[in-house]
S.K.: 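Mind having a look at this structure? Questions to follow.
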2 protein chains.
Amino acid sequence: MLNDRKKKILQLIIEDYISTAEPVGSRTIARKYDLGISPATIRNEMSDLELLGYLEKPHTSAGRVPSAQAYRFYVDSLIEPGSLTDNDMALINSWYKERRRNIDDIFQSTAKILSRMTQNVSMVLANKDTGAVFRYIKFLPLDSSHAILCIVTDDGNVDNCVVEIPLGMRPEEMDYLAGRISSVLEGKELSEISDELLSALHMDVAEDKVLFTSFLQAIKRMSRKQNEQRVFLGGTKQLLNQPEFRDVERVKSLLGILEEEKVVRDLLVAGEDSGLKITIGTENKFTGIQDCSMVQATYRLNGKIVGTMAVLGPTRMEYGKVITVMDYLHKYLKTIFEQEKE
Amino acid sequence: MLNDRKKKILQLIIEDYISTAEPVGSRTIARKYDLGISPATIRNEMSDLELLGYLEKPHTSAGRVPSAQAYRFYVDSLIEPGSLTDNDMALINSWYKERRRNIDDIFQSTAKILSRMTQNVSMVLANKDTGAVFRYIKFLPLDSSHAILCIVTDDGNVDNCVVEIPLGMRPEEMDYLAGRISSVLEGKELSEISDELLSALHMDVAEDKVLFTSFLQAIKRMSRKQNEQRVFLGGTKQLLNQPEFRDVERVKSLLGILEEEKVVRDLLVAGEDSGLKITIGTENKFTGIQDCSMVQATYRLNGKIVGTMAVLGPTRMEYGKVITVMDYLHKYLKTIFEQEKE
DNA sequence: GTTAGCACTCTAACAAATTGAGTGCTAACA
DNA sequence: TGTTAGCACTCAATTTGTTAGAGTGCTAAC
């Protein structure tokens with residue numbers, strides 16, 4: 001185990017490196033932070049820390065740089081939970097208010113805020129299965145040959161599509177049909193409306209084939225939408241602010257990965273189990289981001305995963321800040337979602 | 001006026017520079033393209049072209065580079081209309097099919113395709129005012145204290161929101177209210193439903209204040225959505241492929257501009273009048289992109305502007321290819337929109 | 001255990017030398 | 001008169017050389 005002084009020195013080196021991106025030398029530590037010991041002593045300690053695998057030298061006469069192991073130790077043992085400044089909180093709140101018309105806007109804002117606050121790329125995965133329950137369908141007349149089919153769920157969502165009215169069908173007949181379909185599906189969760197159920201229904205109302213096909217498509221679309229996971233990215237531009245990404249090639253390769261929605265989704269899903277997950281460098285098994293770190297937080301509502309958010313950046317990342325921001329966003333979202341459900 | 005040989009040489013220089021991004025020297029031209037004249041002769045011609053303002057020298061002993069004037073001449077007189085390869089057309093068609101669920105997806109795909117085919121940033125502005133006409137509103141029951149307010153327009157769009165039912169109000173009363181509002185607004189274009197009209201309506205039904213406010217919000221939102229212009233960007237990542245943007249600072253500054261949706265919208269609206277508009281370098285009056293060129297095509301349906309698409313990149317741009325691609329997309333969209341309207 | 005002193009190392013920054021692509025001019029040629 | 005070979009000249013880019021500075025590791029003294 002490291003003694004207190006080693007810990008302290010290691011912490012200072014890590015934090016200095018995080019903020020400057022420059023290798024840290026013994027004199028820097030002695031000058032900047034008053035530890036009451038001379039550079040030579042610090043040098044000896046650093047030499048030990050290097051031997052123990054916590055520090056690395058880019059070359060003989062540069063300062064030292066934290067290793068992945070050092071970051072791991074840092075996030076596990078050294079980091080102290082911080083809190084946001086009032087200013088930051090006010091900023092976040094105002095950014096959320098900027099544009100909030102539907103639930104997707106909230107996720108989009110979260111991604112944006114996360115990246116702005118951390119100067120890194122952010123990813124938000126929204127699980128949409130809110131367990132909405134089918135209520136009824138209804139046909140609204142449009143013109144002589146078309147009607148609008150509305151599917152109403154108990155969360156107040158309405159999906160609709162235009163359907164053609166079969167020749168000669170009267171409004172009462174359509175209402176009757178709507179009633180029959182409704183009574184069968186009433187109370188079912190959208191996600192549990194299976195193909196079997198629908199085809200059973202089909203037998204029942206087979207006479208009105210055209211109309212039923214339209215209905216089938218609409219309900220399927222709605223249930224798909226319901227189960228859909230959506231990915232929101234934020235701050236891909238922020239990458240360019242990080243000295244690690246001064247090199248255009250590196251930017252390109254990372255952006256290439258982020259462009260593949262499927263990859264991002266897999267990446268996020270892989271880390272969903274634990275509440276807060278921090279992967280440093282090669283701890284992450286996805287190729288292409290193994291020189292990056294990722295902090296991911298998954299949030300649940302009544303035990304169900306609602307979404308997960310992550311920050312991706314160079315291993316030299318402000319882990320403390322990231323965690324603090326995520327924590328705040330987490331709480332903020334919680335309030336919003338609970339309020340949404342009433 | 002330029003004689004044929006000068007034209008030919010200028011064209012070769014421009015095209016060589018477009019494809020290599022390197023200043024073009026007299027020997028290169030003589031070697032690559034068999035004009036039957038020696039480098040010395042070409043040198044004399046180039047010297048003339050420089051005097052005439054078509055060529056510029058980065059420095060004494062580099063080759064020469066086309067001036068803005070040269071590009072202008074090129075797009076006006078030298079460029080010959082090309083056509084897409086079968087391969088490209090197949091690619092475009094498949095990309096369009098990839099994801100097409102609603103009208104926005106089409107615009108998004110257009111932006112994506114445009115950027116992929118041209119290796120530059122693309123912008124698509126979608127005007128949404130389709131001239132939809134108000135038909136009627138309808139309340140759908142949800143639970144004892146809530147209903148869903150649906151606003152139906154003649155194009156088959158339904159906007160909906162959950163409203164609270166005033167205590168003690170019976171369904172018949174709500175239907176009556178819906179009928180009254182509907183009869184006043186029926187047949188009006190959403191964009192012409194003014195505040196005055198709504199407040200006049202308010203006088204009329206003032207007794208049901210809570211419900212009416214909800215309705216007001218919904219109709220306003222719908223009319224806003226109707227007039228909304230949406231901007232779709234594509235291929236901001238492509239920037240990094242252009243040698244002109246090897247410098248991270250330049251990338252940052254351009255991305256900064258593209259991030260401001262309002263700026264992009266203004267930029268696109270400014271060039272909407274003409275069918276095809278090419279601005280080269282400082283011909284564009286917007287600051288920040290004056291070292292870029294922009295090719296913009298505006299498409300109309302029945303005389304009304306439906307949208308406009310543009311490609312933004314370095315002045316050294318494959319104008320011919322860009323125009324060809326846009327032309328194809330234009331035709332493709334036309335088919336889709338006409339089919340959409342039936 | 002701590003520290004001052006010092007030789008040693010290695011990069012980054014700067015300067016000087018070299019290379020090579022390209023031009024402009026001139027004189028000769030068809 | 002238009003074309004071309006030849007040659008001196010220019011200038012950025014590359015290479016090579018030099019220096020300064022930051023940092024280390026070791027040793028000996030405290």
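Excluded from the calculations below are hydrogen atoms, water molecules and symmetry mates; all remaining heavy atoms, backbone and side chain alike, are included. Here is how names work: the chains are called A, B, and so on, in the same order as the sequence lines, proteins then strands, and each is numbered from 1.
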S.K.: For Ala62(A) and for Pro39(B), find the nucleotide of DNA chain D with the closest heavy atom, then tell me which residue's nucleotide is more 5'.
M.R.: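 Looking at DNA chain D, the more 5' nearest nucleotide goes with Pro39(B).
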S.K.: Atom CD1 of Ile42(A) and atom P of dG23(D): how far apart are they, to the nearest Å?
M.R.: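 Value for this atom pair: 12 Å.
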S.K.: On the nucleotide dT3(C), are OP1 or OP2 found under 4.0 Å from the side-chain N or O atoms that Arg27(A) carries?
M.R.: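 So the side chain of Arg27(A) is outside the cut-off, no N or O lying under 4.0 Å from OP1 or OP2 of dT3(C).
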S.K.: Please answer whether the main-chain N or O of Thr282(B) pairs with a side-chain N or O of Lys285(B) as donor and acceptor at a distance below 3.5 Å.
M.R.: yes
S.K.: Within this structure, what is the CE-to-P distance between Met46(A) and dC26(D), rounded to whole angstrom?
M.R.: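 So the two atoms are 15 Å apart, to the nearest Å.
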S.K.: Write down the distance between CD (Glu45(B)) and P (dT4(D)), rounded to a whole number of angstrom.
M.R.: 11 Å
S.K.: Kindly say if Arg5(A) contacts the phosphate of dT2(C), meaning a side-chain N or O under 4.0 Å from OP1 or OP2.
M.R.: yes
S.K.: Check this for me: does any side-chain nitrogen of one of Lys262(A) and Asp266(A) sit under 4.0 Å from a carboxylate oxygen of the other?
M.R.: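 Looking at Lys262(A) and Asp266(A), the cut-off is met.
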S.K.: For the side chain of His59(B), starting at C-beta, report the closest nucleotide among dT3(C), dT24(D), dA12(D).
M.R.: dA12(D)
S.K.: Name the pairing partner of dA28(D), where a pair is Watson-Crick or G-U wobble with both distances under 3.5 Å, or state none.
M.R.: dT3(C)
S.K.: Could you state the CD1-P distance from Ile9(A) to dT24(D), rounded to the nearest angstrom?
M.R.: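 From Ile9(A) CD1 to dT24(D) P: 12 Å.
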S.K.: Figure out the CG/P separation between Leu35(B) and dT3(D), and round it to whole Å.
M.R.: 12 Å
S.K.: Just call it for Ser61(A): base, sugar-phosphate, or nothing, with non-hydrogen atoms closer than 4.0 Å on any strand.
M.R.: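 Contact class for Ser61(A): base.
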S.K.: Determine: side-chain N/O of Thr60(A) to OP1/OP2 of dG23(D), distance under 4.0 Å, yes or no.
M.R.: no
S.K.: Please confirm whether the shortest side-chain N or O distance from Ser26(B) to OP1 or OP2 of dT23(C) is below 4.0 Å.
M.R.: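 True: Ser26(B) side-chain N/O within range (under 4.0 Å) of dT23(C) OP1/OP2.
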S.K.: May I ask you to evaluate whether Arg64(A) reaches the phosphate of dT24(D), defined as a side-chain N or O under 4.0 Å from OP1 or OP2?
M.R.: yes
S.K.: When you measure from the side-chain N and O atoms of Lys57(A) to the phosphate of dT11(C), is any distance below 4.0 Å, counting only OP1 and OP2?
M.R.: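 No, because none of the side-chain N or O atoms of Lys57(A) sits under 4.0 Å from OP1 or OP2 of dT11(C).
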S.K.: Could you let me know what dA13(D) is paired to, Watson-Crick or G-U wobble, both distances under 3.5 Å, or none if it's on its own?
M.R.: dT18(C)
S.K.: Would you indicate whether the side-chain heavy atoms of Asp88(A) and Lys321(A) approach each other to under 4.5 Å?
M.R.: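 They are in side-chain contact.
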S.K.: Output the rounded distance in Å from NZ (Lys6(B)) to C1' (dT3(D)).
M.R.: 13 Å
S.K.: Does Arg5(A) come within less than 4.0 Å of Glu45(A), counting only side-chain N to carboxylate O?
M.R.: yes
S.K.: Find the distance Arg43(B):CZ to dG6(D):P and express it as a whole number of Å.
M.R.: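 Rounded to whole Å, this separation is 12 Å.
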S.K.: Whole-Å distance between dG22(C) C1' and Arg31(B) CZ?
M.R.: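 Result: 11 Å.
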S.K.: Could Asp76(A) and Arg72(A) be called an ion pair, given the rule that one side-chain N must be under 4.0 Å from one carboxylate O?
M.R.: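 So Asp76(A) pairs with Arg72(A) through a salt bridge.
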